[in-house]
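Below, chains carry the letters A, B, ... as their sequence lines are ordered, and counting in each starts from 1.
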Amino acid sequence: MKERYDFNEIELKWQKYWAERKLHKTDADTSKEKFYCLEMFPYPSGKIHMGHVRNYAIGDVIARYKRMRGFNVLHPMGWDAFGLPAENAAIKHDVHPAKWTYENIDYMKKQLDRMGLSYDWEREVATCSPEYYKWNQWFFLRLYEKGLAYKRASFVNWCPSCVTVLANEQVIDGKCWRCDSTVIQKELEQWFFRITHYAEELLQGCDELKGWPERVVTMQKNWIGKSEGVEVDFPIDGSDEKLRIYTTRPDTIFGITYMCLAPGHPLSEKLVKDKDRLEVVKAKYGKMEDKEGLFTGHYAINPLTNEKIPVYVANFVLMEYGTGAIMSVPAHDQRDFEFAKKYGLPIKVVIVPKEQSVVSLQDPVGSQQSAELLKEAFEDEGVLINSGQFSGLKSADAKREIGKYIEENSLGKRTLNYKLRDWGISRQRYWGTPIPIIYCDTCGIVPVPDKDLPVILPEDVKFTGKGGSPLLESEAFLKVNCPKCGGNARRETDTMDTFVDSSWYFIAYCLKGGIDLKSQISNLKSPINYWMPVDQYIGGIEHAVLHLLYSRFFTMCMRDLGIVNGSEPFKNLLTQGMVCKETWKCPEHDWLFPDEVKNGKCMHCGKNVEKGRVEKMSKSKKNVIDPDALIKKYGADTIRLFSLFAAPPERDLEWSDKGVEGAYRFLNKVWGIVYKYKGQRAGIPIAYSLSPIASSLLRKTHQTIKRVTDDIEKDYHFNTAIAALMELVNDISSFAPETDEDRTVAGIAIKNTLLMLAPFAPHITEELWEATNEKNSIFEQPWPVWDAELAKEEEIELVVQVNGKLRAKILVPAGLSDDDAKQTALKEQRIKEMLDGKQVKKVVVVKGKLVNIVIG
RNA sequence: GCCGGAGUGGCGGAAUUGGUAGACGCAAGGGACUUAAAAUCCCUCGGGUCUCUGACCUGUACGAGUUCGAGUCUCGUCUCCGGCACCA
């Protein structure tokens, strides 16, 4: 053993040892209790960042801890390898996306290994490999067979300059995130997954997600957005057409003064004569900030009042929600109100607050006048007025009664609605999974037969960055014979959204030696059913809705295909906070790196630099820390330890260079105490002969085992677990042994410290474990168990309060009776003085802790 | 606007079922060792008052309340952060 803590040598030594001994290989023994520990796999962008370090450090502690607790642990890692950055790199640097991606994977894999992460690399997946994306295609075909994958025209965000569809997230202030061109709404044929088929189950399932953070569950519920309402048919005056609308407020139906159609609604094409104006409204579809309407020249009949109401087309009415048409009640809906003001439409009050109802019911003229005075819509529920037979009812009752009336008179039906929309998966890009569909002039849409899977991405393509998907230029890919009739046909050139890849990778990890979903159908004893669900999933909050919702959807689909038994993929979810750092901003040069700031001034212009907020590390804010540099300076153990110690996992973490040094000091201290007791074996002490200092250290050791175990088990609060270990190390450090027995106890304390520190700082603990002449890997040891008797305090500090204020602390033997505690407190000199001449009204005793004396 | 979450020293953060507020770490100040520095070790460290070896007052965003006792529970207010934002 060396006197100096040479982290680099030690860490490489043990990483080699773990790899050679295949220590992290998943146990094939399925009779053992399993634990599936999963961290969100990274996109191979080039290098890992501190967010990855934190995410994977958290997961690694859990995996290593659970192994020591005797679980059969699955802890895999892989690569979310399809995506746009690879294609951009291809355009910019003339390198094939595959080459770029695999080189990044190689580099990042080395970085992860250098972190000492305990992955079973035999189950590694890269979603861009044909072996993986073949199953995207296979799964797509199964959904297609069930009608859960379908094609339809829909409005999409379209960048005319990049010639591609953009996701909503890629549209910033109505402009393309890449080229700043104005994004337009274009109607395009797209493939969709019918996630709405599972809307109700996805919503119901939320209540079963007990191991998820509440806010993530709430976000999912809001995203699904269920509402209850009524669909009503309005006949079009002078026509056989009927206009069907959806409303959640049937109680306001007597207040309708106009109707609105979505621009894409079939009736809008039929009714509007001025097609040019219609195009203007269409172009502004979904642009909620400026409302654009157009009178169709037609009227609908309110089936409850027989009033004639004008029908408009409006850009803010969504074709995808409800029926694509609405009834408008300007008095009771703010948006309708603003639209009515803009187009000079009447406003009719039909709901009044409860307290006004008596007056208003008798004075409909007054309420008519008040409508003209309205400054904004009254959106609350209340009491109905001017509503025929329903006047006087409360909103809640009216909703029920009017709903009933509509159904009984065949005017419509009560129904449910969801905000959740079907998932558009088509992307006009190269670096993704080809959609396995063939278009034949004779047969139409023909799915690629299973035997022809995978449909492989062609190599003979150029990445120019201009003019749509590179797949359009590959003749070899495009031209194909129809699988049905053998005639000339062409392939679908769109690829799948990369969220498809990440929606089932956790199922792929369950299978070793090649992914084959088909062979697992209806196999209750399959490895998938052994390992699923994931026991602990760890990742960023940014995936709270999309990735996690899509994964739940896929799991339900896979269940219905017989591939997996359960319905939910992730039993427990830990959303770790962001890694942040302070920022610096110069009025002239914007964001600065810390070393561009000299004495609070910008080194370029000398102007005073403002200390910015602590923000998520990002290149643009110039507040990133490079993990490679840190590992070089302090080693992986220090980086892991600090990122776990600085904050509880779910909270944001502020990176502190000084804090890292603190973690490094601690590991050196651990190194020092082991060196001090070099060769000291942890024997079995004879309790009754222990010196006071030894029994105190032994007690602290057992108390620490309890604290650390509890902190890990309860919410993975590693920061307090590490704090407890620091306390124990401080005690060992100041321990001054006099006898062999004392030294034995020190040995016990050290042994347990190393065992508990091992999941956090795996390399140094392996090294020190070996140095204390212990055999095998420290990770083959069981987690220590605490002894309640040994952890028990002999003496306690009895807190004495007078009227709830702390007045004295008395050292008393543990296990003192309540009455003895009370008497001891009353006899205390200081207390006696305070009670002098006062009457004791009451004495409250908290067992083994506190006495509160209440005086008048 | 709606829905979540959070406000504790100079800083990151601790505080079982309501029971000693500030564990652990960072920074800061003082001291030891050293020719010196680094490293290491020891002491102090929420604010205030005093008759300053000790004691008292005050303090967990703000204001009330419940209680013998509130960082923790209840009601109200303010601020910050995050998500969804014209979903009919």
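- The side chain of A:Trp223 lies closest to B:C84, out of B:C84, B:G19, B:C87.
- A donor and an acceptor atom never sit less than 3.5 Å apart when one is taken from the side chain of A:Asn222 and the other from the base of B:C84.
- Side-chain atoms of A:Thr583 and A:Asn623 include no donor-acceptor pair closer than 3.5 Å.
- Distances shorter than 4.0 Å separate none of the side-chain N or O atoms of A:Thr720 from OP1 or OP2 on B:C24.
- Considering only heavy atoms from C-beta on, A:Leu630 comes within 4.5 Å of A:Met50 through its side chain.
- Residue A:Lys842 has its side chain nearest to B:C68 when only B:G4, B:A88, B:C68 are considered.
- Mapped onto RNA chain B by nearest heavy atom, A:Ser733 and A:Asp711 fall at different nucleotides, with A:Asp711 at the one closer to the 5' end.
- Side-chain atoms of A:Glu214 stay outside donor-acceptor range of the base of B:G5, with no qualifying N/O pair under 3.5 Å.
- When the side-chain nitrogen and oxygen atoms of A:Asn730 are compared with OP1 and OP2 of B:G25, one or more of them lie within a distance under 4.0 Å.
- In this structure, A:Lys226 does not reach the B:C87 phosphate: none of its side-chain N or O atoms is under 4.0 Å from OP1 or OP2.
- Taking atom C1' on both nucleotides, B:A27 is separated from B:C11 by 7 Å, rounded to a whole Å.
- Remark: the A:Arg249 side chain and the B:A88 base include no donor-acceptor N/O pair separated by less than 3.5 Å.
- Using a 4.0 Å cut-off, some side-chain N or O of A:Asn719 falls inside it from OP1 or OP2 of B:A14.
- Where A:Ala724 and A:Gly322 meet RNA chain B, the nucleotide closest to each residue was compared, and A:Ala724 sits on the side nearer the 5' end.
- Between A:Phe499 and A:His543, the ring planes lie perpendicular to each other; the angle is over 60°, past the 30° to 60° tilted range.
- Distances shown here put a side-chain N or O of A:Arg335 below 4.0 Å from the OP1 or OP2 atom of B:C87.
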Under 3.5 Å, which donor-acceptor pairs do the side chains of residues 638-649 of chain A form with other protein atoms, sequence neighbours left out?
residue: A:Thr638; atom: OG1; partner: A:Tyr634; partner atom: O; Å: 3.3
residue: A:Arg640; atom: NE; partner: A:Phe760; partner atom: O; Å: 3.1
residue: A:Arg640; atom: NH1; partner: A:Asp60; partner atom: OD2; Å: 2.8
residue: A:Arg640; atom: NH1; partner: A:Met115; partner atom: O; Å: 3.2
residue: A:Arg640; atom: NH1; partner: A:Gly116; partner atom: O; Å: 3.1
residue: A:Arg640; atom: NH2; partner: A:Asp60; partner atom: OD2; Å: 2.8
residue: A:Arg640; atom: NH2; partner: A:Pro759; partner atom: O; Å: 3.0
residue: A:Ser643; atom: OG; partner: A:Ile639; partner atom: O; Å: 3.2
residue: A:Ser643; atom: OG; partner: A:Arg640; partner atom: O; Å: 3.1

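- In this structure, B:C52 is classed as syn because its glycosidic torsion stays within 90° of zero.
- Rounded to the nearest Å, the gap between the C1' atom of B:U35 and that of B:A23 is 41 Å.
- Comparing B:U53 with B:A70, their P atoms sit 31 Å apart, to the nearest whole Å.
- A:Arg665 has a side-chain polar atom (N or O) that falls below the 4.0 Å cut-off from OP1 or OP2 of B:C26.
- The partner of B:A39 is absent, by the rule that a Watson-Crick or G-U pair needs both atom distances under 3.5 Å.
- For the OP1/OP2 pair of B:C57 and a distance below 4.0 Å, the side-chain nitrogens and oxygens of A:Arg807 include at least one atom meeting the criterion.
- A gap of 15 Å separates the P atoms of B:A64 and B:G71, to the nearest Å.
- Between the side chain of A:Arg707 and the base of B:C24, no donor-acceptor pair under 3.5 Å is found.
- Proximity note for A:Tyr321 (side chain, C-beta onward) versus B:A88, B:C41, B:C68: the nearest is B:A88.
- Counting non-hydrogen atoms under 4.0 angstrom, A:Lys221 reaches nothing in the nucleic acid.
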Walk me through it: do A:Lys658 and A:Ser656 pass the test side-chain contact (heavy atoms from CB on, under 4.5 Å)?
CA-CA 5 Å; A:Lys658 293 287 183 185; A:Ser656 148; 4.0 Å; yes

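- Among the nucleotides B:C26, B:A88, B:U17, the one closest to any side-chain atom of A:Lys849 is B:U17.
- Between A:Met219 atom CE and B:A85 atom C1' the separation is 13 Å, expressed in whole Å.
- In this structure, A:Ser328 reaches neither bases nor backbone, as no heavy-atom distance under 4.0 Å exists between it and the strands shown.
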